[in-house]
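Whatever order the structure lists them in is the order used to number ligands and atoms, beginning at 1. Values in this document were obtained by computation on a predicted structure and should not be read as measured data.
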Amino acid sequence: MKSFDELLEISTRIHGHICAGQVIGVRMSMIALALLGIHDPKGLDRKKLYILVEIDRCATDAIQSVTGCSLGKRSMKWLDHGIMAATFVNLLTGKAVRITALEEARERSKEYCSEIADKYARQLEAYKIMPENELFRVESVSLIIPPEDLPGRPLKRVQCEICADWVQDCRDELYEGKVVCRNCARGRYYSKIENDSLS
Ligand SMILES: [Zn+2]
Ligand SMILES: [Zn+2]
């Protein structure tokens, strides 16, 4: 396992800037990996880890960078809950931990690096050195990951009976007696512009 500084440097490069979220995400991932007994998440252990992130903000990029888990590999799932938390699962043992970044840490960061005047710069530096229990809540949890959410080949592919798009991984729904895609079942998140030439 690389050091905190090395991991932070890599995640900063991938994310595009250094920020408190990178520090939080790297530390969160390191704690989780240690607790789950995963030492080489991008190598030997790469099929063992599964992560559910509860926010789409800076720290999520750091978690991806440290663990190698990603949406595209289906080893990371994004839950749109707006909570700075993630659950890390060892698929081999079933052991799981949910780690939440504590809101109080913002205020408490004043006790560290008080010489730094800028609030955000101070938080960033403080988060590097604050003890884990002042930054995070760590819980042992259990959860069931549906087979259609796991990495691997799609369990199912069906064609929507309304729009003809193909739907993978059991995301099809029954709507007025038809097997349809979510766009057709729940309404589209976009509207089509007719007669628009894209050429
Ligand atoms: Zn950022
Ligand atoms: Zn459809």
Novice: Hey, what's the angle at the Zn ion (ligand 2) spanning SG (Cys160) and SG (Cys184), nearest 10 degrees?
Specialist: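 The angle at the Zn ion (ligand 2) comes to 110°, rounded to the nearest 10°.
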
Novice: Do NZ/NE/NH1/NH2 and the carboxylate oxygens of Arg186 and Glu173 come within less than 4.0 Å?
Specialist: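 A salt bridge is present here (some side-chain N lies under 4.0 Å from a carboxylate O).
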
Novice: Tell me how many protein N, O or S atoms are closer than 2.8 Å to the Zn ion (ligand 1).
Specialist: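 Step by step: take the Zn ion (ligand 1), keep protein N, O, S below 2.8 Å, and you get 4.
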
Novice: Suppose you place the vertex at the Zn ion (ligand 2); what is the angle out to Cys181 SG and Cys163 SG, to 10°?
Specialist: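 About 110°, to the nearest ten degrees.
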
Novice: Do Glu6 and Ser3 get their side chains close enough for a donor-acceptor pair, meaning under 3.5 Å?
Specialist: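 Glu6 vs Ser3: donor-acceptor pair found between side chains.
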
Novice: Hey, are the side chains of Phe88 and Leu33 touching, using non-hydrogen atoms and a 4.5 Å cut-off?
Specialist: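 No, their side chains stay 4.5 Å or more apart.
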
Novice: Can you measure from CH2 (Trp78) to OG (Ser70) and round to the nearest 0.5 angstrom?
Specialist: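 One finds 15.0 Å between CH2 of Trp78 and OG of Ser70.
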
Novice: What verdict does the side chain to side chain donor-acceptor pair (under 3.5 Å) test give for Glu134 and Tyr112, after you've listed the backbone C-alpha separation in whole Å, the side-chain angles of each residue and the deciding distance to 0.1 Å?
Specialist: CA-CA 12 Å; Glu134 290 188 2; Tyr112 301 82; 2.7 Å; yes

Novice: For the residue pair Gln22 / Ser11, report whether a side-chain donor-acceptor contact shorter than 3.5 Å exists.
Specialist: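 Short answer, yes.
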
Novice: Would you mind listing every salt bridge (Lys or Arg N to Asp or Glu O under 4.0 Å) that reaches into residues 77-96, with sequence neighbours excluded?
Specialist: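 Applying salt bridge (Lys or Arg N to Asp or Glu O under 4.0 Å) to every pair that reaches into residues 77-96, excluding sequence neighbours, yields Lys77-Asp149.
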
